[in-house]
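Beneath this line is the structure, given in structure tokens, with notes to follow.
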Amino acid sequence: MDRITILKLGGSAITDKARDCTPDIPTIQHAADQLADYRRPLVLIHGGGSYAHPFVTRSGLGGGLRDRSQLRSISETEFYLGQLTRIICASLLLRNRLPVPLHPMSFAILDKGEVKKILLDPIRNSLDAGLIPLLHGDLVFDESRRIGVLSGDRIASLIGSKLGASRVLFGCDVDGVYSANPKSFPNATLIPKVTSENFQPVLSASRSPSTDATGGMGEKVKQALRLAKNGCECYIFNLREKNALRRILEQDGAIGTRFVPWKKSRRSAKQSPQRA
Ligand code: ADP
């Protein structure tokens, strides 16, 4: 099988984060358009955006399950996340791409916020069958805190490492990682390439405060670096920009922020050179 590409559809791009449970339909459809002809192994992960963060933040579920008043928020979060999953599934099915939704709450367990167990067989089996596993950032049961948040970015890096993915692409609502948050600092400059030489200031620049339940750009950069250190190429790019995803998939020019692999992964070293 060809090496795997993992694409995270960031909640900042596929939803309107300022309005509860509001999808960004043009962005979802444009992403699906760009995937319509892509035939290599692909794992999709969507963020929760305004379908999850508001419920998790208001109920304090990120800190664990402490009393019964939080239970409703667990149910609501799962219900609304499922709705977003269905919108994405519909967009792909309409273009003859075949996703299967896999909900991390059903196959992962945390302990003190760290992943303790994760069953990868459903993802591997979907890929082997020629389907597109579609996961999402999720609430997951935690052995110490009873419940916790497993972010889409963390899932991307975990699965990327375990499946030996060649590329992990993080789509969001900005063009990549900037010297400072571009929404607060319009003069901030885009960092086109992150290597083992320049990663430290990039990590610091991405750590601005976030209202998200999952750590914002800082967490994304941390996970991309974790992958790059293990030999996986990553991109943080703007999913709302016309054809940016297509260009990355086709390796057509410089887009977004590219995290250069620090070392060649063992599997790609064994294979003959090919486009990932
Ligand atoms: P997603 O929900 O798609 O995973 P996030 O909201 O977590 O994305 O992260 C994207 C946001 O990070 C952007 O909207 C941007 O405002 C913010 N951000 C903070 N610091 C930076 C930075 N240095 N460069 C780029 N974006 C940044």
Side-chain angles (χ1 to χ4, degrees), residues 6-28 30-31 43-57 62 77 80-81 84-85 87-88 104 134-139 149-160 168-194 198-227 234-241 244-245 248 255-259:
I6 296 182
L7 170 62
K8 154 98 190 297
L9 304 166
S12 64
I14 60 168
T15 73
D16 178 347
K17 278 199 171 175
R19 291 191 292 167
D20 286 7
C21 299
T22 307
D24 186 320
I25 296 291
T27 300
I28 294 171
H30 185 48
V43 177
L44 286 178
I45 301 165
H46 72 78
S50 67
Y51 282 77
H53 291 286
F55 309 104
V56 174
T57 312
T77 306
Y80 291 121
L81 273 171
L84 182 56
T85 302
I87 293 170
I88 297 166
L134 171 61
L135 291 71
H136 53 81
D138 205 358
L139 289 171
V149 175
L150 182 56
S151 74
D153 294 334
R154 178 73 189 105
I155 296 174
S157 95
L158 190 72
I159 288 178
V168 177
L169 317 176
F170 296 90
C172 61
D173 68 337
V174 289
D175 287 351
V177 189
Y178 284 74
S179 53
N181 187 346
K183 290 185 182 161
S184 317
F185 300 93
N187 293 330
T189 50
L190 181 70
I191 301 162
K193 193 154 100 174
V194 181
N198 73 344
F199 77 94
Q200 202 61 60
V202 180
L203 197 52
S204 312
S206 65
R207 279 188 182 138
S208 56
S210 162
T211 52
D212 269 12
T214 51
M217 185 54 82
E219 180 63 14
K220 218 178 297 304
V221 169
K222 192 173 127 192
Q223 300 304 340
L225 283 170
R226 194 181 260 197
L227 285 157
C234 296
Y235 283 84
I236 295 180
F237 71 103
N238 195 339
L239 195 62
R240 289 180 172 165
E241 189 190 316
L245 172 58
I248 294 179
I255 303 277
T257 298
R258 174 173 175 247
F259 291 73

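Remember, it's 1-based here, ligands and their atoms both numbered in the order they're listed. For the single chain, residues carry numbers from 1 onward in sequence order. Quantities reported herein were computed from a predicted structural model and do not represent experimental measurements.
Counting heavy atoms from C-beta on, the side chains of M217 and C172 come closer than 4.5 Å. Looking at P192 and R258, their side chains never come closer than 4.5 Å, going by heavy atoms from C-beta outward. By the 4.5 Å heavy-atom criterion applied to side chains, R19 and S50 are not counted as neighbours. Using a 4.5 Å heavy-atom threshold, the side chains of K17 and D173 count as separate.
A salt bridge links D24 with R240; the closest basic N to acidic carboxylate O contact falls under 4.0 Å.
Atom numbering of ligand 1 starts at 1 in the shown order; those under 4.0 Å from a heavy atom of V177 are 24 (N). Listed by atom number, the atoms of ligand 1 under 4.0 Å from K8 heavy atoms are 4 (O). Each of the atoms 23 (N) of ligand 1 lies under 4.0 Å from some heavy atom of S206. Which parts of ligand 1 touch G216 is read off a 4.0 Å heavy-atom cut-off, strictly below it: atoms 7 (O). Of all the atoms in ligand 1, the ones that sit under 4.0 Å from a non-hydrogen atom of S12 are 1 (P), 2 (O), 3 (O), 6 (O), 8 (O). Applying the 4.0 Å criterion to heavy atoms of K183 picks out, from ligand 1, the atoms 14 (O), 16 (O). Proximity to K220 (heavy-atom distance under 4.0 Å) selects the following atoms of ligand 1: 1 (P), 4 (O), 7 (O), 8 (O), 9 (O). Atoms of ligand 1 lying under 4.0 Å from at least one heavy atom of C172, given by number and element, are 3 (O).
At least one heavy atom of G176 sits under 4.0 Å from some atom of ligand 1. Contact annotation: R207 has no heavy atom less than 4.0 Å from any atom of ligand 1.
H46 NE2 to L84 CG: the interatomic distance, rounded to the nearest 0.5 Å, is 4.5 Å. Separation of atoms CG (L227) and CG (L158) is listed at 9.5 Å; rounding is to 0.5 Å. Summarising the geometry, atom CD1 belonging to I255 is positioned 9.0 Å from atom CZ belonging to F237; distances are rounded to the nearest 0.5 Å.
Distances between N or O atoms of A205 and those of ligand 1 include at least one value under 3.5 Å. Not one N or O of S179 is nearer than 3.5 Å to an N or O of ligand 1, by distance alone.
Neither the backbone nor the side chain of E219 comes within contact range of ligand 1; no heavy atom lies under 4.0 Å. With a 4.0 Å cut-off on non-hydrogen atoms, D173 touches ligand 1 through its side chain and not its backbone. Under 4.0 Å from ligand 1, the heavy atoms of A180 that appear belong solely to its backbone. Both the backbone and the side chain of M217 come within 4.0 Å of ligand 1, counting heavy atoms alone.
Under 3.5 Å, the side chains of D16 and T22 contain no donor-acceptor pair of N or O atoms.
The minimum heavy-atom distance linking A180 with F185 is given by the pair CB-CD1, 3.7 Å.
When I191, I14, N181 are ranked by how near their heavy atoms come to atom 18 (N) of ligand 1, first place goes to N181. For atom 26 (N) of ligand 1, the nearest non-hydrogen atom from the set P182, G218, G10 comes from P182.
Within the 3.5 Å criterion, the main-chain N or O of V221 finds no donor-acceptor partner in the side chain of S206.
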